[in-house]
Amino acid sequence: MSSLKRFLRLLPATLYVLLVFAFIFLPVVTLVLFSFQGSRLPIPPFDGPSLKWYGAVFSDRRLMAALNHSIWVGVLSSLLAVALAFLAAYALARVKLPLSNLWRWLITAPLSMSYLIIAMGLLITFNALGIAKSLVAIGIGHVVINLPLCFAIIFSQLGEQQARLERAARDLGASELSVMTLITLPLIWPALFAAFFLSFTLSWDEFIIAFLLSRFDVTLPVEIWSLLSSGLNPKTNAIGSVVFGVSIVLLILLETILLGRRRRT
Amino acid sequence: MNRRESLKAWGLIAPALLWTLAFFVVPIAIMTVYSFWQRVGTKTVRGFSLDNYVAFFSKTYFREALFNSLEVTILVTVISILLAYPLAYILAYQVPSHWQRLALSLAILPFWTSYVVRSYSWLLVLSAKGIVSKSLQTLGILHDPVSFVNSRMGTIIGFVHFFTMLLTLTIFANLVQIPRNYLKAAADLGASRLQAFWHVTLPLSVPGIMVGAFLTFVLCIGDYITPQILGGNKELLLPQVIMLQIGRQANFPMASALSLILMLVISLVFLVSARYLRLERV
């Protein structure tokens with residue numbers, strides 16, 4: 001009797017969760033399922049499974065070039081964003097500087113701006129200065145959007161606990177450089193990793209900056225965008241599933257790093 | 001010593017500051033200058049004129065784009081909060097704690113599909129030949145295929161999907177930080193569960209709602225992909241109009257003026273909600 005009562009009490013909540021989950025997962029499941037479609041349209045009925053669209057994706061030279069570009073732009077722009085963010089966060093957390101609140105605000109300001117506006121600004125500026133659209137231009141834009149995020153993550157991790165260890169090292173005669181590389185960096189590397197992975201994920205998925213600042217060499221989301229003009233196509237499902245899969249793997253890596261750290265502390 | 005130290009600190013901050021100045025502040029300044037120039041025929045005329053802004057306020061085409069954007073964004077924000085709150089609440093209070101992390105990760109998993117892929121996936125689901133239309137036909141509810149895309153509804157469904165996940169995350173993060181003792185105290189003082197929710201839990205979860213709502217507003221009103229793929233060209237939102245100005249007509253001055261208006265709207269919303277947006281509380 002009491003278990004029936006309990007069941008009835010939990011029923012509405014369970015139903016609600018199932019319904020919302022169904023809504024949330026419907027498009028992703030459809031995307032992945034019909035990437036294994038046998039025939040030429042990714043619509044019901046499902047007549048797979050077939051791997052031929054993945055074969056088509058991996059033998060498509062334009063897609064593979066775009067994939068390559070995305071990885072390079074993502075890795076290099078994220079490395080740069082993390083490096084710039086770490087240096088600035090270290091200085092702002094350790095040294096009292098005049099107007100430090102203003103500098104913090106300025107560095108994090110792009111966080112509350114639309115990517116579209118950042119992209120438009122860069123497009124017009126590069127255009128006015130005669131700088132050609134290129135993968136480098138996209139990378140510059142991705143550093144702009146990721147630097148504030150990396151800064152916020154790293155800054156929040158530079159607490160008093162590390163500062164004490166740094167002071168101890170200094171008292172023992174360590175140079176400023178060895179303090180940074182031998183004490184601070186090892187202490188906060190999980191934050192640096194988290195910042196890097198998050199940056200890479202955002203760069204990997206970013207569309208509007210990449211779209212406006214590229215001409216011949218494009219990144220994966222822009223190439224997928226141009227595939228859309230051919231309508232519904234299982235090949236688009238396949239490359240979309242690949243992109244999704246990569247993001248998920250990155251996130252699992254990130255989670256493992258952060259969880260592992262939480263367990264130790 | 002102290003002087004050397006502060007010089008060194010400036011050296012460390014300089015790269016990040018200069019990057020932000022050169023590629024964020026300066027571009028917006030240049031865009032502002034451009035917005036006072038004009039595109040006449042195929043030439044860009046320098047100078048100072050308010051014509052782009054006058055055009056924005058006098059032409060229904062532009063004004064409507066902003067109104068459409070505001071309407072869609074507000075609607076999306078409200079629907080997403082209504083969908084996300086109960087989910088976040090159930091995850092925070094009714095799911096056993098060792099399952100919570102997994103359940104939350106699952107609830108926001110599709111968040112990580114890229115914009116383009118996510119909108120395309122909804123196209124698969126909602127187009128006339130898609131799953132929803134097919135299922136409704138099989139069930140006998142519909143006779144002919146119906147397309148749910150190429151309309152405002154398509155845009156809204158695509159947006160609500162994404163922002164429900166985002167809001168679930170921010171509201172959940174807020175809810176788990178509310179001390180359980182508060183609810184016990186409320187119960188001891190004779191409050192029913194509903195009263196405790198209304199007077200304790202809900203007010204304390206406002207910061208989580210506000211942060212999520214602000215992010216939703218900013219990301220939604222500036223998004224080009226979702227309305228372009230799912231909404232089509234019948235009814236244009238502001239980002240679509242901006243993109244048309246650069247694409248077809250190479251009218252950078254008008255596109256700049258429109259972008260600045262969009263920026264102004266976002267800044268206004270930021271100012272209004274700023275006092276709720278203390279991120280450390282979430």
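Naming: A, B, ... by sequence-line order, numbering from 1 per chain.
Minimum heavy-atom separation, B:Val76 to B:Thr216: CG1-CG2, 4.4 Å. In terms of heavy atoms, B:Arg39 sits closest to B:Pro253 at N-CG, 4.1 Å. The two residues A:Phe34 and B:Ile131 come nearest to each other via the heavy atoms CE1-CD1, 3.9 Å. What you find for A:Leu84 and B:Ala16 is that their closest heavy atoms are O-CB, 3.8 Å.
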Q. So B:Tyr89 and B:Phe197, ring pair (Phe, Tyr, Trp, His ring centres under 6.0 Å) or not? Walk me through it.
A. CA-CA 10 Å; B:Tyr89 187 89; B:Phe197 171 76; 5.5 Å; yes

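In this structure, A:Phe86 has its ring center no closer than 6.0 Å to that of A:Phe151. Aromatic ring centres of B:Tyr224 and B:Tyr115 lie farther apart than the 6.0 Å criterion allows.
Of all the listed residues (B:Leu17, B:Ile266, B:Ile221), the one sharing the greatest number of non-hydrogen pairs under 4.5 Å with chain A is B:Leu17. The most heavy-atom pairs under 4.5 Å with chain A, out of B:Leu126, B:Val218, B:Leu124, come from B:Leu124. Here A:Ala88 is the residue among A:Ala89, A:Gly141, A:Ala88 with the most heavy-atom pairs under 4.5 Å with chain B. With chain A as the partner, the residue from B:Leu83, B:Val26, B:Ile28, B:Val25 showing the most heavy-atom pairs under 4.5 Å is B:Leu83. Counting heavy-atom pairs under 4.5 Å between each of B:Pro239, B:Ala29, B:Pro86 and chain A puts B:Pro86 at the top. Chosen from A:Val95, A:Val29, A:Leu106, the residue pairing most often with chain B at heavy-atom distances under 4.5 Å is A:Leu106. Interface remark: of the candidates A:Ser156, A:Ser112, A:Gly245, A:Ser112 forms the most heavy-atom pairs closer than 4.5 Å to chain B.
Residue B:Tyr34 touches chain A through its side chain alone, counting heavy-atom pairs closer than 4.5 Å. Heavy atoms closer than 4.5 Å to chain A are found in both the backbone and the side chain of B:Leu262. For a residue to count as touching a neighbouring chain, one of its non-hydrogen atoms must lie under 4.5 Å from one of that chain's; by this rule A:Ile107 touches chain B with backbone and side chain alike. Only the side chain of B:Met165 comes within contact range of chain A, with heavy atoms under 4.5 Å apart. For a residue to count as touching a neighbouring chain, one of its non-hydrogen atoms must lie under 4.5 Å from one of that chain's; by this rule A:Leu250 does not touch chain B. Using a 4.5 Å cut-off between heavy atoms, A:Ile24 touches chain B through backbone and side chain atoms alike. Heavy-atom distances place the side chain of A:Ile118, and not its backbone, under 4.5 Å from chain B. Contacts between B:Lys129 and chain A at a heavy-atom distance below 4.5 Å involve backbone atoms as well as side-chain atoms. Both the backbone and the side chain of B:Ser256 have a heavy atom closer than 4.5 Å to some heavy atom of chain A. Using a 4.5 Å cut-off between heavy atoms, B:Leu219 makes no contact with chain A at all. Contact of B:Ile242 with chain A is made through the side chain alone, with heavy-atom distances under 4.5 Å. Contact annotation for A:Val222: neither backbone nor side-chain heavy atoms come within less than 4.5 Å of a heavy atom of chain B. No part of B:Ile108 comes within reach of chain A, as not one of its non-hydrogen atoms sits under 4.5 angstrom from that chain. In this structure, chain A has a heavy atom under 4.5 Å from the side chain of B:Ile246, while its backbone stays farther away. Neither the backbone nor the side chain of A:Ala83 comes within contact range of chain B; no heavy atom of the residue lies under 4.5 Å from a heavy atom of that chain. When heavy atoms are compared at a cutoff of 4.5 Å, B:Leu215 does not approach chain A at all. Residue B:Ala103 touches chain A through its backbone alone, counting heavy-atom pairs closer than 4.5 Å.
Between A:Leu158 and A:Thr184 there is a side-chain heavy-atom pair separated by less than 4.5 Å. At a threshold of 4.5 Å between non-hydrogen side-chain atoms, the residues B:Tyr120 and A:Leu232 count as touching. Using a 4.5 Å heavy-atom cutoff, the side chains of A:Trp204 and A:Ser247 are in contact.
Of the listed residues (A:Leu31, A:Asn237, A:Thr30), just one forms a side-chain contact (heavy atoms from CB on, under 4.5 Å) with A:Pro42, and that residue is A:Asn237.
Neither side chain, A:Thr236 nor A:Asn233, offers a donor N or O lying under 3.5 Å from an acceptor on the other. A:Tyr115 and B:Asp223 are not linked by any side-chain donor-acceptor pair at a separation below 3.5 angstrom, with hydrogens and angles left out of the test. With 3.5 Å as the limit, one finds no donor-acceptor pair spanning the side chains of A:Ser77 and A:His142.
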